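First the structure, in the form of structure tokens, and then the observations on it.
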Amino acid sequence: MELRMNPHSANPEAYKAMLGLEQFIQNSGLDRKLYEWIKLRASQINNCSFCIDMHAKDLLSMGESAEKIMLLTAWREVPHFTPEERSALELTECVTKLSEAGVPREVYERVREHYDEKAFVDLIMAINTINSWNRIGVSTGLYPGALSFK
């Protein structure tokens, strides 16, 4: 592993813009734990080791079990996730892999069973935000412990 650059110090204005997106999500009313599940699942798909490490630790600190965290990649196969979490995770996978199949109508409808229009947009913004962080992390070579700040 080799850190190519510290994206924060290389371009503080870009980092500030990303923090603005984070602030929007934090103020949106989206459940914080659900947002961490979204962040962890998208990070797994995108192979962003820095973010996987960060968000797994964040979930542990929020009281989630190690077992549930380890089973996230198989969320469809285990009873550990609520229907609301399942719909958000399915949406996360569709949006993260958008070029594969888009967001099928049935996925949209499953999500809307649990979330109103505003919350749906909040979920999309949350998924977009972590996907952007993942792309920054992977492109700049971030890995767990590469930076001294969180």
Side-chain angles (χ1 to χ4, degrees), residues 1-101 103 107 110-111 114-115 118-150:
M1 292 284 144
E2 180 183 331
L3 178 64
R4 294 175 179 165
M5 72 177 74
N6 178 330
H8 175 261
S9 61
N11 192 331
E13 294 80 20
Y15 188 78
K16 184 178 177 181
M18 286 301 303
L19 290 178
L21 287 171
E22 279 295 329
Q23 191 63 47
F24 169 81
I25 302 303
Q26 298 299 325
N27 295 330
S28 72
L30 185 65
D31 180 79
R32 294 178 90 83
K33 201 177 281 189
L34 179 64
Y35 185 33
E36 289 303 320
W37 285 117
I38 290 168
K39 290 194 253 187
L40 183 55
R41 185 65 190 121
S43 299
Q44 290 172 335
I45 293 166
N46 291 321
N47 294 314
C48 183
S49 64
F50 183 86
C51 293
I52 292 168
D53 179 69
M54 176 190 300
H55 301 302
K57 288 175 179 173
D58 288 345
L59 281 163
L60 284 170
S61 74
M62 296 171 96
E64 284 295 349
S65 70
E67 178 182 38
K68 187 174 178 179
I69 293 167
M70 288 186 293
L71 290 171
L72 179 58
T73 59
W75 65 266
R76 286 179 175 87
E77 311 303 324
V78 297
H80 295 64
F81 296 89
T82 68
E84 293 82 7
E85 289 169 337
R86 288 175 178 282
S87 69
L89 291 170
E90 186 173 23
L91 183 63
T92 299
E93 291 181 357
C94 288
V95 173
T96 300
K97 304 182 213 178
L98 196 60
S99 66
E100 292 180 16
V103 178
V107 172
R110 276 193 290 277
V111 175
H114 305 285
Y115 301 97
K118 179 198 177 296
F120 183 86
V121 174
D122 290 340
L123 288 169
I124 296 298
M125 292 302 294
I127 297 163
N128 285 332
T129 301
I130 188 55
N131 273 279
S132 293
W133 282 121
N134 291 162
R135 282 150 177 74
I136 292 167
V138 171
S139 298
T140 60
L142 289 179
Y143 57 89
L147 302 176
S148 60
F149 68 93
K150 183 176 175 183

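This structure is a prediction, so every number in the text was calculated from the model and none was measured.
Annotation: the span from M62 atom CE to R32 atom CZ amounts to 6.5 Å, rounded to 0.5 Å. Interatomic distance, W133 CH2 to H55 NE2, rounded to the nearest 0.5 Å: 9.0 Å. One finds the CD atom of E64 at 12.0 Å from the CG atom of D58 (value rounded to the nearest 0.5 Å). Between S43 atom OG and N131 atom CG the span is 8.0 Å, to the nearest 0.5 Å. Taking OG from S139 and CZ from R4, the interatomic distance works out to 7.0 Å, rounded to the nearest 0.5 Å. Remark: I127 CD1 to C94 SG distance equals 9.0 Å, nearest 0.5 Å.
In summary, of the residues considered (L59, L60, I130, I69), a side chain to side chain contact (heavy atoms under 4.5 Å, CB included) with E36 occurs for L59 alone. When each of T129, I52, N47, N46 is paired with N134, the side chain to side chain contact (heavy atoms under 4.5 Å, CB included) condition holds for N46 and for no other.
Residue M5 places its CE atom among 12 or fewer non-hydrogen atoms of other residues, nucleotides or ligands, all under 6.0 Å distant. R76 CZ: more than 12 foreign heavy atoms inside a 6.0 Å radius.
By the salt bridge (Lys or Arg N to Asp or Glu O under 4.0 Å) test, E85 is found to be paired with K68, residues two or more places apart in sequence or in another chain being considered. Every residue meeting the ring-ring contact (aromatic ring centres under 6.0 Å, His included) condition with F120, not counting sequence neighbours, appears here in chain and number order: Y108. For N11, there are no side chain to side chain donor-acceptor pair (under 3.5 Å) partners, not counting sequence neighbours.
Listed here is the closest heavy atom pair of T96 and A42: OG1-CB, 3.8 Å. Residue H114 comes nearest to S87 through the heavy atom pair CD2-OG, 3.6 Å, listed as atom of the first residue, atom of the second, then distance. The shortest heavy-atom contact between L3 and A146 is CD2-O, 3.9 Å. The shortest heavy-atom contact between Y115 and A88 is OH-CB, 4.3 Å. Closest of all the heavy-atom pairs between L30 and S28 is N-OG, 3.1 Å.
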ask   = Should L72 and L89 be marked as a side chain to side chain contact (heavy atoms under 4.5 Å, CB included) after you check the CA-CA gap, both sets of side-chain angles, and the distance that decides it?
value = CA-CA 9 Å; L72 179 58; L89 291 170; 3.8 Å; yes

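With ring centers used as reference points, F81 lies under 6.0 Å from W37.
A heavy-atom distance below 4.5 Å is not found between the side chains of C51 and K39. In this structure, E84 and L34 have side chains that are not in contact, with every pair of non-hydrogen atoms separated by 4.5 Å or more. Within the 4.5 Å cutoff, the side chain of M125 has heavy atoms near those of the I25 side chain. By the 4.5 Å heavy-atom criterion applied to side chains, V103 and L98 are counted as neighbours. In this structure, L21 and N128 have side chains that are not in contact, with every pair of non-hydrogen atoms separated by 4.5 Å or more.
Both tests do not hold together for K33 against Y35: distance to the six-membered ring centre under 6.0 Å, angle to the ring axis within 45°.
Between the R41 side chain and the T92 main chain, no donor and acceptor come within less than 3.5 Å of each other.
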